[in-house]
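Numbers for residues simply follow the sequence, beginning at 1.
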Amino acid sequence: MPTYRLRDLDRVILQHSEREFVPLHDLLRLVPGGSLYRHVASLLAVGSLAKRGRTYCTTEQGKRRLAELTSQIDWHIWDGIYPPMQHLPSPPHRAALELTTAAVVARKAGLRDDHHPGFLLMGPTLVAKTTAAKFACALLGLDPAETLIDLTTESGRSLFVRRDSKGTQTFKRDLLDGPLIVFDDYQDA
């Protein structure tokens, strides 16, 4: 490939088909057909490219990938910092965890005394909401027993203070002093 290196081929394909559905035969002057269609197949598989007949068009996801390839921003830097991030079940789970870690960093930096960010993960049973919270605890080195509050077991003011059967205070939680608080099963509480 005289003009483009193989690692730039995705960028070339996405740029070529960025505005509308177009055939790719013009690119065969620049790259071997096997390499071209191997890259096209991988771009189709990840949803960066759409196919209509013999023409191709860059999808919105592909346009984001193109911006990444053009700007040289590594959007998956977490994969090197904390490799388990690449095994999250979906992009929304990844985004929620990236936002959570950014919020914890801002909180630890002491930029503000109030208005700490909050995030709400909603969905049916077994879509990894609690697992995402436990993952955040592992990522941040926090004890889930202290950070993850199961609201279905809480009553009255027990969220902050525990009392025995006689009403004597036995335990007081310092929830608001921690870097992360997770309220699990909020809707069931």
Side-chain angles (χ1 to χ4, degrees), residues 7 10-11 14 39 41-50 58-162 170-189:
R7 66 185 177 87
D10 286 350
R11 181 181 53 77
L14 293 172
H39 279 260
S42 69
L43 290 170
L44 286 168
V46 297
S48 293
L49 205 58
T58 304
T59 63
E60 287 304 314
Q61 182 176 348
K63 289 177 183 177
R64 287 191 297 272
R65 175 73 177 133
L66 179 59
E68 175 186 324
L69 290 170
T70 304
S71 67
Q72 299 302 314
I73 295 173
D74 184 6
W75 293 103
H76 295 285
I77 196 165
W78 271 107
D79 294 348
I81 296 169
Y82 191 69
M85 285 289 273
Q86 59 193 323
H87 301 293
L88 289 170
S90 70
H93 284 89
R94 183 183 182 98
L97 285 163
E98 288 177 2
L99 286 171
T100 299
T101 54
V104 168
V105 168
R107 185 169 183 166
K108 285 191 172 213
L111 301 175
R112 294 187 60 111
D113 292 332
D114 61 349
H115 303 306
H116 299 296
F119 306 99
L120 180 64
L121 301 180
M122 294 179 64
T125 305
L126 298 175
V127 293
K129 299 179 302 289
T130 304
T131 303
K134 290 178 181 177
F135 189 95
C137 290
L139 171 68
L140 298 166
L142 301 171
D143 182 9
E146 295 174 8
T147 306
L148 187 63
I149 312 300
D150 183 5
L151 292 180
T152 59
T153 63
E154 301 294 328
S155 62
R157 294 187 179 162
S158 71
L159 190 57
F160 297 104
V161 176
R162 299 263 181 184
T170 59
F171 179 73
K172 182 177 183 256
R173 289 184 180 165
D174 295 324
L175 284 179
L176 298 178
D177 294 333
L180 176 69
I181 307 167
V182 178
F183 297 116
D184 195 23
D185 286 327
Y186 180 78
Q187 196 168 11
D188 293 336

Report task. Could you list the residues that satisfy salt bridge (Lys or Arg N to Asp or Glu O under 4.0 Å) with Asp79, not counting sequence neighbours? Result ->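 Counting only residues at least two positions away or on another chain, Asp79 forms a salt bridge (Lys or Arg N to Asp or Glu O under 4.0 Å) with Arg94.
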Report task. Evaluate the side-chain proximity of Arg65 to Gln61: yes if any heavy-atom separation is below 4.5 Å, no if none is. Result ->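 Heavy-atom side-chain distance check fails, nothing below 4.5 Å.
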Requested in this report: Quick one: closest heavy-atom pair of Leu142 and Pro179, and the distance?
Outcome: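 Result for this residue pair: CD2-CG, 3.6 Å.
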**Report entry** Pairs where residues 82-91 contributes a residue and the test side chain to side chain donor-acceptor pair (under 3.5 Å) is met, not counting sequence neighbours
**Finding:**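 Side chain to side chain donor-acceptor pair (under 3.5 Å) check on residues 82-91 returns Ser90-His93.
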**Report entry** By side-chain contact (heavy atoms from CB on, under 4.5 Å) - contacts of Thr101 (at least two apart)
**Finding:**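 Result, side-chain contact (heavy atoms from CB on, under 4.5 Å) vs Thr101: Trp78, Leu139, Leu140.
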Requested in this report: Under the side-chain contact (heavy atoms from CB on, under 4.5 Å) rule, collect the residues that match up with Leu99, sequence neighbours excluded.
Outcome: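 side-chain contact (heavy atoms from CB on, under 4.5 Å) list for Leu99, sorted by chain: Phe119.
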Would you mind writing out the side-chain donor-acceptor pairs for residues 121-136 within the sub-3.5 Å range, not counting sequence neighbours?
unit_1	atom_1	unit_2	atom_2	d
Lys129	NZ	Gly123	O	3.1
Lys129	NZ	Pro124	O	2.8
Thr130	OG1	Asp184	OD1	3.0
Thr130	OG1	Asp184	OD2	3.1

Query - Side-chain donor or acceptor of Thr59 paired with backbone N/O of Ser48 under 3.5 Å - result: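 The answer is yes, because a donor-acceptor pair under 3.5 Å joins these two groups.
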Query - Side chain Thr58, main chain Leu14, donor-acceptor under 3.5 Å - result: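 Yes, the answer is positive, given that a donor and an acceptor are paired below the 3.5 Å cut-off.
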Taking atom [atom1] of [X] and atom [atom2] of [Y], what is their separation to the nearest 0.5 Å?
| X | Y | atom1 | atom2 | answer |
| --- | --- | --- | --- | --- |
| Leu148 | Phe183 | CG | CZ | 10.5 Å |
| Leu44 | Leu49 | CG | CG | 5.0 Å |
| Leu43 | Asp10 | CG | CG | 4.5 Å |

